[in-house]
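Worksheet: the structure to be examined is printed underneath.
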Amino acid sequence: MPELPEVETVRKGLISLVKGKTIAKVDVYWPRIIEFPEIEIFQQQLIGETIETVDRRGKYLIFHFTHYEMVSHLRMEGKYEYFDQPRPLDKHSHVRFIFTDGTELIYHDVRKFGRMALLKKGMAKEYKGLLQLGPEPIDEDFDLLNFKQQLKKSSTMIKPLLLNQKIVAGLGNIYVDEVLWLAKIHPEQPADTLSAQTVRRLRVAIIEVIAKAKEAGGTTIRTYLNALGEAGHFQQELHVYGQTGIPCSRCGTPIIKIKVAQRGTHLCPHCQKLKKV
DNA sequence: AATACTACCTGCGTGC
DNA sequence: TGCACGCAGGTAGTAT
């Protein structure tokens with residue numbers, strides 16, 4: 001499900017529901033979800049561990065336990081669900097954390113793309129996926145000069161470049177489309193052809209869209225009872241994503257959908273013109 | 001080194 | 001109804 005705002009909403013849900021709980025047992029039903037260590041070690045090491053807090057970096061969740069840290073990525077459809085008492089598992093429940101008080105946290109993932117990795121305390125920051133992440137899309141971390149330089153170095157289309165997490169962390173298919181609409185940039189515009197002024201506008205758009213979506217609790221596309229982070233309402237503020245055929249809120253031209261780097265891409269053909277350089 | 005394509009999975013809607 | 005196909009909020013591995 002998640003891009004940065006949704007993962008942040010899940011993080012808050014986890015803090016409010018499972019912070020301070022101690023693990024009694026871990027069940028794993030789809031082994032590939034656990035990247036490392038081996039399943040038995042993963043299960044063994046977590047027994048008796050207490051959840052001290054849950055952090056986020058980009059789209060990754062970082063669970064801080066007493067002696068370990070767990071990096072968790074939800075990829076396309078991963079969800080955490082919390083239950084007060086044991087209940088029958090459905091076919092898409094792949095990992096179950098049972099706490100000493102009888103409550104449980106279930107990792108649910110229809111497409112099984114999500115991953116978890118357990119590392120020793122203090123070692124999560126060495127996890128490969130976290131090492132290659134760009135800055136958080138907030139004013140304090142996201143440096144304009146550096147952003148400009150990175151874009152100048154690449155002739156790749158701006159959309160796939162923003163999706164790769166290395167220049168800035170946390171954007172996915174929904175928010176990239178929204179950001180490019182707000183900044184009036186065509187998704188296929190080569191990064192190194194953006195003017196200094198456009199890059200400045202793009203940076204502000206990224207910060208603004210992510211901040212607003214975080215405030216709204218993310219975008220909810222499918223509703224799932226009990227799933228943490230499914231209460232968002234940013235879908236009411238989308239201008240292009242999923243709005244094919246609907247008039248652009250700025251100019252009235254119908255929003256179109258095209259394919260860019262194999263991803264469905266929404267844009268206003270009037271506001272977002274490809275600029276020849 | 002940077003870039004593009006594919007694999008990883010399941011379910012749903014569409015068109016024949 | 002059945003079936004093939006394309007599509008879905010993402011990333012890692014592989015080939016060029």
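Protein chains get the first letters and strands the later ones, always in sequence-line order, with residue 1 at the start of each.
Using a 4.0 Å heavy-atom distance criterion, A/Gln132 is classed as a sugar-phosphate-only contact. At a threshold of 4.0 angstrom between heavy atoms, the contacts of A/Tyr60 are confined to the sugar-phosphate backbone, with no base atom among them. No contact: A/Gly218 has no heavy atom under 4.0 Å from any strand.
Picking from B/dG11, B/dT10, C/dC7 the nucleotide with the shortest atom distance to the side chain of A/Arg111 gives B/dT10. In this structure, of C/dT11, C/dC7, B/dG11, it is C/dT11 that holds the atom nearest to the side chain of A/Arg75. For A/Asn173, the listed nucleotide lying nearest its side chain is C/dG10; candidates were C/dG10, B/dT6, C/dA8.
When rounded to the nearest whole Å, the span between CG of A/Leu74 and P of B/dC9 equals 17 Å. As rounded to whole Å, 7 Å separates atom P of B/dT3 from atom CG of A/Leu161. Taking atom NZ of residue A/Lys128 and atom P of nucleotide C/dA12, one finds them 7 Å apart after rounding to whole Å. In this structure, the CG atom of A/Leu130 is 11 Å from the P atom of C/dT11, given to the nearest Å. Look at CE on A/Met116: it is 16 Å from P on C/dT11, rounded to the nearest Å. The interatomic distance linking A/Glu35 (CD) with C/dG13 (P) rounds to 8 Å, in whole Å. Rounded to an integer number of Å, the gap from A/Leu151 CG to B/dA2 C1' is 15 Å. Distance CD1 (A/Ile33) to C1' (B/dC8): 11 Å, rounded to an integer number of Å.
Using a 30° and 60° split on the angle between ring planes, A/Tyr60 and A/His73 fall in the perpendicular class, above 60°. Relative ring orientation between A/His92 and A/His108 is described as perpendicular, the plane-to-plane angle rising above 60° on a 0-90° scale split at 30° and 60°.
Here, B/dC5 and C/dC7 have their P atoms 15 Å apart, quoted to the whole Å.
Nucleotides of DNA chain B nearest to A/Thr156 and A/Trp30 differ in position, and the one nearer the 5' end is that of A/Thr156. Each of A/Thr265 and A/Asn164 has a nearest nucleotide on DNA chain C; the 5'-most of these lies closest to A/Thr265.
Side-chain atoms of A/Thr9 come within 3.5 Å of backbone N or O of A/Pro5 as a donor-acceptor pair. Under the 3.5 Å distance criterion, the side-chain polar atoms of A/Thr50 are left unmatched by any main-chain donor or acceptor of A/Glu52. A donor-acceptor pair under 3.5 Å links the side-chain atoms of A/Glu178 to the main chain of A/Val240, judged by distance alone.
Taking 4.0 angstrom as the limit, A/Lys91 places a side-chain polar atom (N or O) nearer than this to OP1 or OP2 of B/dG11. One finds a side-chain N or O of A/Arg32 lying less than 4.0 angstrom from the OP1 or OP2 phosphate oxygen of B/dC9. Put simply, A/Arg263 has no side-chain N or O that comes within less than 4.0 Å of OP1 or OP2 on C/dA8. One finds no side-chain N or O of A/His73 lying less than 4.0 angstrom from the OP1 or OP2 phosphate oxygen of C/dG10. Dashed line: the shortest gap from a side-chain N or O of A/Lys112 to OP1 or OP2 of B/dT10 is under 4.0 Å. For the OP1/OP2 pair of B/dA2 and a distance below 4.0 Å, the side-chain nitrogens and oxygens of A/Ser154 include no atom meeting the criterion. Phosphate contact (OP1/OP2 of C/dT11, side-chain N/O of A/Lys59, threshold under 4.0 Å): present. Contact check, A/Lys166 against C/dA12: no side-chain N or O comes under 4.0 Å of OP1 or OP2. Checking the phosphate oxygens (OP1, OP2) of C/dC7, a side-chain nitrogen or oxygen of A/Lys259 falls inside 4.0 Å. At C/dT11, one or more side-chain N or O atoms of A/Gln165 fall inside 4.0 Å of OP1 or OP2 (strictly under the cut-off).
Checking B/dC9 for Watson-Crick or G-U wobble geometry (two distances, each under 3.5 Å) identifies no partner in any strand.
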- For A/Trp181 and A/Leu267, run side chain to side chain contact (heavy atoms under 4.5 Å, CB included): C-alpha distance rounded to whole Å, both residues' side-chain angles, the deciding distance at 0.1 Å, then the answer. CA-CA 6 Å; A/Trp181 175 84; A/Leu267 69 145; over 6 Å; no
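Ion pairing of A/Asp143 with A/Arg203 is absent here, as no side-chain N (NZ or NE/NH1/NH2) approaches a carboxylate O to less than 4.0 Å.
A stacking contact links A/Phe113 to B/dC8: the aromatic ring centre lies within less than 5.5 Å of the base's six-membered ring centre, and the planes differ by less than 30°.
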